[in-house]
Participant: 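Here it is, the structure in full.
The chains referred to below are lettered A, B, ... by the order of the sequence lines, with proteins before strands, and numbering in each begins at 1.
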Number of protein chains: 2
Amino acid sequence: MDKQTITIYDVAREASVSMATVSRVVNGNPNVKPTTRKKVLEVIERLDYRPNAVARGLASKKTTTVGVIIPDVTNLYFSSLARGIDDIATMYKYNIILANSDKNEEKEVQVLNTLLAKQVDGVIFMGNKITDELRAEFSRSRTPVVLAGTVDPDEQVGSVNIDYEKATEEATTKLINNGHKKVAFISESHEEPINGMYRLAGYKNALEKASLSYDDDLVVQSEYTYKVGEVVYEQLEKAGATAAVIADDELALGVLNATLDRGVKVPEDFEIITSNNTKLTAMSRPQLTTIKQPLYDIGAVAMRLLTKLMNKEETDEKTITLPYSIGTEGTVK
Amino acid sequence: MDKQTITIYDVAREASVSMATVSRVVNGNPNVKPTTRKKVLEVIERLDYRPNAVARGLASKKTTTVGVIIPDVTNLYFSSLARGIDDIATMYKYNIILANSDKNEEKEVQVLNTLLAKQVDGVIFMGNKITDELRAEFSRSRTPVVLAGTVDPDEQVGSVNIDYEKATEEATTKLINNGHKKVAFISESHEEPINGMYRLAGYKNALEKASLSYDDDLVVQSEYTYKVGEVVYEQLEKAGATAAVIADDELALGVLNATLDRGVKVPEDFEIITSNNTKLTAMSRPQLTTIKQPLYDIGAVAMRLLTKLMNKEETDEKTITLPYSIGTEGTVK
DNA sequence: CTGTTAGCGCTTTCAC
DNA sequence: GTGAAAGCGCTAACAG
C-alpha cells in the first residue's frame, strides 16, 4: 500500500552495522569510526533513506516543531511577527505549526490543546487577553510558552513586546506638541491589557503632562478593520478631534481615507499617528506616521527566547521589551 | 523530569479494561458497550488524559498535519490563500506546518524534504515555477500535493488557479477599450509559467485582437515590491505608456503612488489594473482596479482537494480553475 | 567505537 | 464487545 518505506533497520542490514550505529551517523554523533560512517552514509544515499521524524519524536520526546497561535495570518502586523518567528525557528531547525484563532478565546484554548497533543516543543502565542483558562492550560503543560506582541500582566510565561504605554504617551505628546488640543485615542476593547492598561494609560499621561483634560468622547473603542474608518472618523469629527492616536494600521488607514474623502487636509487639519508599523503605513498618501515597532524582531526574539526555554538554558529575563521610535517609514522593503 | 505524563495504559488500568478498549472509545469506534464507554470516559476525564498524537501518528501512519510551502507570509496574496487553507484544514481536523520559501528553489526543496520527513499527510505548495527537482521530489514520495495559485504545465499534481491568460487578456482589453494605445505589461520573470506562458500570452492576445502591435519597451520584468514602483514608472513613462496591467498589488501600488507623486492624474492620464485582489487594492486612493481573484477560495479549494487526495477519494478533476472578474472592491472586510 | 535491548504511546489485527 | 500481542521507526542507556 504505502510505498515501500525504508527504515533505519534496512540501512543497518545493508551496511552490516547495528541500527544504533546508523542512528549515530544520522544524528552526527562523533563516536563513529570514519570508515564506518562513510559506509553507512553510502548505504543511506544508495537506499535514499529518510529518517522518520515521527518515530524519532516518539522515541526522543522532541518533535522540533513549535506551535504558533496567531489571530489572523492576513493581518500584516501578525504576519510580520510570524515571519520573524519562522526564520529563527528554521535557523534552529524547528518547524512551525501555524493556527489561526481569530482572537476567539474558545478557539485559542482548543487550538492550544491540539498543539499540545501534537507534542510541540514550545508555543508562541499572539493574541489579546490571556484568559484564566488559557493561563491554566499554559501552566498545566510543561511546554514553554512565549507571548509575542501580547502581554500578560501575570508574567508567568515569556513575552516580547515594546513599551506600549510609553510609546502611546509619546505619540500623543507629539500630537499635542503639534498644537492639537483635542487628540483622540482609538483602540479595540479596553478589556485587552495592551489597550486598557497600557495604551490608555500612556494617552492619559500625555494629556496630564500637557494639562489637557480627559474627554470620554475622544476615546473610541472600535474593531480593527479598514471599513469602519468612516464611522470612526464621524465620531471623531463630532467630538471635535483634530488628531488621533490609533492602535491599528488598517483602521488608521480607513480613518485616513475617510478623512481625505471628505476633503479634509491631512496632516494640516487632521493628524494621525498609528501604532503598528506595518508596510501599509508607507503605502498611503500621505504616509502615516507610526510607532515604529520592530515587528520582525519581536517575532524573532520571541522565537529565540523560546529556544532557550526549550533547552532549559538560563535566561536573564523572560519579559523582553524591545525599543521603538516614532516616525514615517522612509522606504519599505 | 517531564511531568508525569499519563498514557492510554494508565487509563486502561484505572478503568479495568484493556488499552484496546480505551483506544476504541478515544477513536469513537462504535464497538464498545455503552457502559464500558461511559466508565472509560470518566477515567479519561478524571485523569485528564490526552492522547499523544505523535504515538498515534507512528502507529497509524497518519499525522493529520499537512505541509504548506509559502513564499512569504507577509505577502497578502499568499497569506490570503493560507487563511483559506487553514480554515478548511481545521474543518477537516488537520493542522498546518507553514514554511516560508522566499521562492527560493533550494529552500523549497529543502523544506519539502523536512516536511516529508515529518510525515505530513499532504502538501500544499505556493510558489513559482515547479523545478524538475521539485517535481521529482513530489513524485518520489507518495504524499499528495496540491498547488495553490501556482501552475505546473506538467499537470501531475493537483492545482487550483484562475485562468491567468484570459484574465490578463480581459484586463488589457479593458484598458484598450478605455482608449489606451500604449498599454504596458509588468510582471516578474517570464521564466515563471504564470507570467511567461499565461499572462504574457493574454496580454498579446488582447493587443492582437485590437490590432495593436507588440512593443518590447512596454513589457517590463520587475520584482514584486512596493519600492520599485518609482523605477518602473519611469520606464513606463519613457516608453510612453498611458496604462499598465501589473501582476502584483504591492508593485501596482508603488507604481500608482509614483505616478501620483509626479502629479499625473490617475486614471485620467495613467490607468492601472492590478492582478491579485488583495485588500491593498481597496486601501489606495484612488482604489485600484484589479482582477478579482477569489483568494480565500483558491486556498480553501486547494485544501479541500488535498483532503480528497489524502483519502484517496475519487476526484473528477485535479486541475481546478476558479472564476474571476475585474473591478474594484466596493468594501474590504 | 559498536551492538543489544528496551521502550516511546498508540493502533490494529486476531482471537475469544 | 473486549483483550492480547505485535509492531510503527527510532533513541538511549548500558554493555562490551
Participant: Could you work out, with side-chain contact (heavy atoms from CB on, under 4.5 Å) as the rule, every residue matching Glu188(B), not counting sequence neighbours?
Facilitator: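 Partners of Glu188(B) by the side-chain contact (heavy atoms from CB on, under 4.5 Å) criterion, ordered by chain and then number, come out as Lys103(B), Asn128(B), Glu192(B), Asn195(B), Tyr224(B).
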
Participant: Which part of the nucleic acid, if any, lies within contact of Val54(B), taking any heavy atom under 4.0 Å across all strands shown: a base, the sugar-phosphate backbone alone, or nothing?
Facilitator: nothing

Participant: Using a strict threshold of under 4.0 Å (side-chain N to carboxylate O), is an ion pair present between Arg83(B) and Asp86(B)?
Facilitator: no

Participant: Give each protein N/O atom lying under 3.5 Å from an N/O atom of nucleotides 10-14 of chain D, with the pair distance.
Facilitator:
residue, atom, partner, partner atom, Å
dC10(D), OP1, Tyr49(A), OH, 2.5
dC10(D), OP1, Asn52(A), N, 3.0
dC10(D), OP2, Ile8(A), N, 2.4
dT11(D), OP1, Asn27(A), OD1, 3.4
dT11(D), OP1, Asn27(A), ND2, 3.2
dT11(D), OP1, Arg56(A), NE, 2.8
dT11(D), OP2, Ser23(A), OG, 2.7
dT11(D), OP2, Asn27(A), ND2, 3.4

Participant: Please state how far atom CZ in Arg13(B) lies from atom P in dT2(D), giving the value in whole angstrom units.
Facilitator: 20 Å

Participant: So which heavy atom on Asp121(A) is nearest to which on Tyr94(A), and how close?
Facilitator: OD2-CE2, 3.6 Å

Participant: Report the distance from atom NZ of Lys39(B) to atom C1' of dT2(D), rounded to the nearest whole Å.
Facilitator: 10 Å

Participant: Search all heavy atoms of Gly149(A) against all heavy atoms of Ile298(A) and return the closest pair with its distance.
Facilitator: N-CG2, 3.8 Å

Participant: Roughly how many Å is it from CG in Asp10(A) to C1' in dG9(D), rounded to a whole number?
Facilitator: 10 Å

Participant: Axis-to-axis angle across the helix from dC1(C)-dG16(D) to dC16(C)-dG1(D), five pairs an end, to 10 degrees?
Facilitator: 30°

Participant: Can you see which heavy atom on Lys118(B) is nearest to which on Thr63(A), and at what distance?
Facilitator: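 Closest heavy-atom pair between Lys118(B) and Thr63(A): NZ-O, 3.3 Å.
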
Participant: Walk along DNA chain C from 5' to 3' and tell me the first and last nucleotide with an atom closer than 4.0 Å to a non-hydrogen atom of chain B.
Facilitator: dG9(C) to dT12(C)

Participant: I'd like to know if the side chain of Asn100(B) reaches the main chain of Asp102(B), judged simply by a donor and an acceptor atom lying under 3.5 Å from each other, with no hydrogens or angles considered.
Facilitator: no

Participant: Got a sec, which pairs hit salt bridge (charged side-chain N to carboxylate O under 4.0 Å, His left out) with one end in residues 26-40 of chain A, sequence neighbours left out?
Facilitator: Lys38(A)-Glu42(A)

Participant: Write down the atom of Ile162(B), the atom of Pro294(B), and the distance for their closest heavy-atom approach.
Facilitator: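 For Ile162(B) and Pro294(B), the tightest heavy-atom pair comes out as CG2-CD, 3.8 Å.
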
Participant: Over all heavy atoms of both residues, which pair between Leu81(B) and Leu295(B) is shortest? Give the atoms and the distance, please.
Facilitator: CD2-O, 2.9 Å

Participant: Could you pull out all residues at least two apart from Thr150(A) that satisfy side-chain hydrogen bond (donor to acceptor under 3.5 Å, both in side chains)?
Facilitator: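 Checked Thr150(A) against side-chain hydrogen bond (donor to acceptor under 3.5 Å, both in side chains); zero matches.
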
